[in-house]
Amino acid sequence: MNIFLEEIVEKLKLVKDPQSNIDIVTLKMIRNLKVTDRNIFFDIYLPAQDYPHKDALYGSIETCIQQHFPEYQVHAHFVVKSPFAEAPNSLLPQISNFIAVCSGKGGVGKSTVSVNLAIALQRLGFKTGLLDADLYGPSLPTMLGIQNQRPQVRDVDGKKQLVPITVNGIPVISLGNIIEAEQAVVLRGPRLAAIIKQFFQETYWPILDYLIIDLPPGTGDVQLTLVQTIPLTGVVMVTTPQEVAVIDAIKAANMFSMDQIKVPILGVVENMSWFEPEDAPGKKYYIFGQHGGARLAHFTHSTVLGQIPIVETLRERSDSGSVFASKVDELYPEIYAQIAKSMDQKVKLRNSILSPTQPVVPAV
Ligand SMILES: Nc1ncnc2c1ncn2[C@@H]1O[C@H](COP(=O)(O)OP(=O)(O)OP(=O)(O)O)[C@@H](O)[C@H]1O
Ligand SMILES: [Mg+2]
C-alpha cells in the first residue's frame, strides 16, 4: 500500500454520494483501487441496480481525479453490490485482520518483529493475538517465556479445540508448546498443512482486532496453506538492509502479489538497520548496508513502516523470554509503536478500498 494510493483516497473522500451525502470512501463504494503507469483503476459499488445518481456520481469522481491527478486516466466500472455483504470471514468472523509477517531470508527478525508488533498493537488498545506458523523452528514460546506451558484442549459441540495460551493478555498458539508425545493426538498427524489448518479451524480464538502470524522464511507449504485457509488481510515484509535479504524478500513478496493470491503488502520493516554503541552515542555503524528497506518498499509498491537498529537488550529479552519487560520510553518500543500505528493506518486504507482477500482454492 503506497502513499500515492493514500493521496487518491484522500481526494476521493471529497466526493459525496448524492443519496446519503456521505463520502464515497466511508461508504466503501470505491473498491479494488489500483494504479499502473498513468492509469487509475477502481470499481464503484452501487447499492442497487436502479441507483438514480449514477451519472452524477461518475461525473464528480472523474472531475475529482482529473483536477488532482491530471496526468492520470480514470478507469472506473460500476458494480451493483453492497460492500458490507462482501465475502464474510465465515471461518473466524471474530478476527478482524490477519497479518502475516514474512521474509525471504531466514534470521532477519520476523519472530522478533511479530512479537514486538503484537505488544505495540496491544499497547495501542487493539486486541491482538499471535500465531507461530514457523513449524520448522517455532521461536515464539522462547521469546515469550512460555516454553513450558501447554495449550488446553476444550470440547466445543463434541469437537476438540485448542485454547491459545494467554501471555500478558495476548493469546498465542505455537507448535513449540505442543510437540509432546501425549499431545500428538490433538495434532492429528505430522503434516504441516494439517497443523496450520488446525491452528485456525480447530482453535478457540477470542475476538481480535489483529492476529499476527509469524511465518517461516521464503515461500513454501506453510505460506501456501495459509493463503488457502484464511482471508489474509495483508503482509508485513521484514528485511535487513542487505542486498541478498532484499532480493529474497522481493521473491517472497511476489508470491503474495500473484493474481491468484492477491494479498496486499502493507509495508516493510527494515530490521538491524544500524548499530549505535552505548559508549559512542550518535555514532552509527551500518553493518548490513543501507537503503534495503526502501528498495524493498519500492519493488513491492509499499512504504517503509519503520527501521529498527541492532539493540542488545532486544536480543537479550528475546532469548530470556522477557519481551514484555520493555518500557514504553525505551528506544525500540517507541519505534514499534510507530510501526504499529503506520501498519494500522495501512490496514484501514486497505479495508476501505479493497475487497476482503479470498482464500485461494487449492488446485485439485
Ligand atoms: N534489532 C535487533 N537487534 C538485536 N538483535 C536482534 C534484532 N532483531 C532480531 N535480533 C535477534 O536476531 C536473531 C534472529 O531474529 P528472529 O529469530 O526474530 O529472526 P527470524 O527471521 O524469525 O528467523 P527465522 O527465519 O529463523 O525464523 C534472534 O536472536 C533475535 O533476538
Ligand atoms: Mg522466526
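All values reported here derive from a predicted model rather than from experimental measurement. We count ligands from 1, going down the list as the structure has it; atoms in each ligand are counted the same way. Excluded from the calculations below are hydrogen atoms, water molecules and symmetry mates; all remaining heavy atoms, backbone and side chain alike, are included.
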Please identify which atoms of ligand 1 are closer than 4.0 Å to at least one heavy atom of Met143.
17 (O), 18 (O)

Write out the residue and atom name of the closest protein heavy atom to atom 19 (O) of ligand 1, then the distance separating them to 0.1 Å.
Gly109 N, 3.0 Å

Would you indicate which of Thr112, Val108, Asn271, Asp214 comes nearest to atom 8 (N) of ligand 1 when only heavy atoms are counted?
Asn271

With a 4.5 Å heavy-atom cut-off, do Leu266 and Val235 have their side chains touching?
no

Of all the atoms in ligand 1, which lie at a distance below 4.0 Å from a heavy atom belonging to Pro217?
25 (O)

Identify whether the distance between the nearest side-chain nitrogen and carboxylate oxygen of Glu202 and Lys197 falls below 4.0 Å.
no

Minimum-distance protein heavy atom relative to atom 31 (O) of ligand 1
Arg315 CG, 3.5 Å

Atoms of ligand 1 close to Ser318 [distance to a heavy atom under 4.0 angstrom, numbered from 1]
31 (O)

Just which atoms of ligand 1 are under 4.0 Å from any heavy atom in Ser111?
18 (O), 20 (P), 22 (O)

If you measure every N or O of Ile310 against every N or O of ligand 1, does any of those distances drop under 3.5 Å?
no

Tell me whether Ser111 has at least one N, O or S atom under 2.8 Å from the Mg ion (ligand 2).
yes

Does Pro309 come within less than 4.0 angstrom of ligand 1, counting non-hydrogen atoms of the residue?
yes

Considering only heavy atoms from C-beta outward, does the side chain of Asp23 approach that of Val15 to under 4.5 Å?
no

For residues Thr233 and Pro231, determine if any side-chain heavy atom of one lies less than 4.5 Å from a side-chain heavy atom of the other.
no

Any Gly107 heavy atom less than 4.0 Å to ligand 1:
yes

Does the side chain of Val172 come within less than 4.5 Å of Thr166's, by heavy atoms?
no

Do the side chains of Leu162 and Tyr204 get nearer than 4.5 Å, heavy atoms only?
no

Heavy-atom nearest option to atom 2 (C) of ligand 1, drawn from Leu314, Asp132, Asp134:
Leu314

The atoms of ligand 1 lying under 4.0 Å from a heavy atom of Gly106, numbered in the order shown, are 25 (O)

Measuring from non-hydrogen atoms of Ser103 to any atom of ligand 1, is the shortest distance under 4.0 Å?
no

Are side-chain heavy atoms of Val227 and Leu232 found at a separation under 4.5 Å?
yes

Could you check whether Asn254 and Ser257, counting side-chain N and O atoms only, form a donor-acceptor pair closer than 3.5 Å?
no

Aromatic ring pairing Phe4/Tyr72, orientation class (parallel under 30°, perpendicular over 60°, tilted between):
tilted

Test of proximity, Val113 against ligand 1: N or O pairs below 3.5 Å:
no

Out of all atoms in ligand 1, which are within 4.0 Å of some heavy atom of Ile308? Include the element for each.
1 (N)

Taking side chain to side chain contact (heavy atoms under 4.5 Å, CB included) as the criterion, tell me which of Val238, Val101, Val222 meets it with Leu215.
Val222

Any heavy-atom pair between the side chains of Pro277 and Tyr285 that's under 4.5 Å?
yes

Quick test: of every protein heavy atom, which one is nearest to atom 3 (N) of ligand 1, and how far off is it to 0.1 Å?
Val311 N, 3.0 Å

Please state whether Glu312 comes within less than 4.0 angstrom of ligand 1, counting heavy atoms only.
no

Less than 4.5 Å apart, side chain to side chain, heavy atoms only: is that true for Phe275 and Pro309?
no

Could you tell me, atom by atom, which parts of ligand 1 come under 4.0 Å of a heavy atom of Met272?
8 (N), 9 (C), 10 (N), 12 (O)

Under 3.5 Å: N/O of Lys110 near N/O of ligand 1:
yes

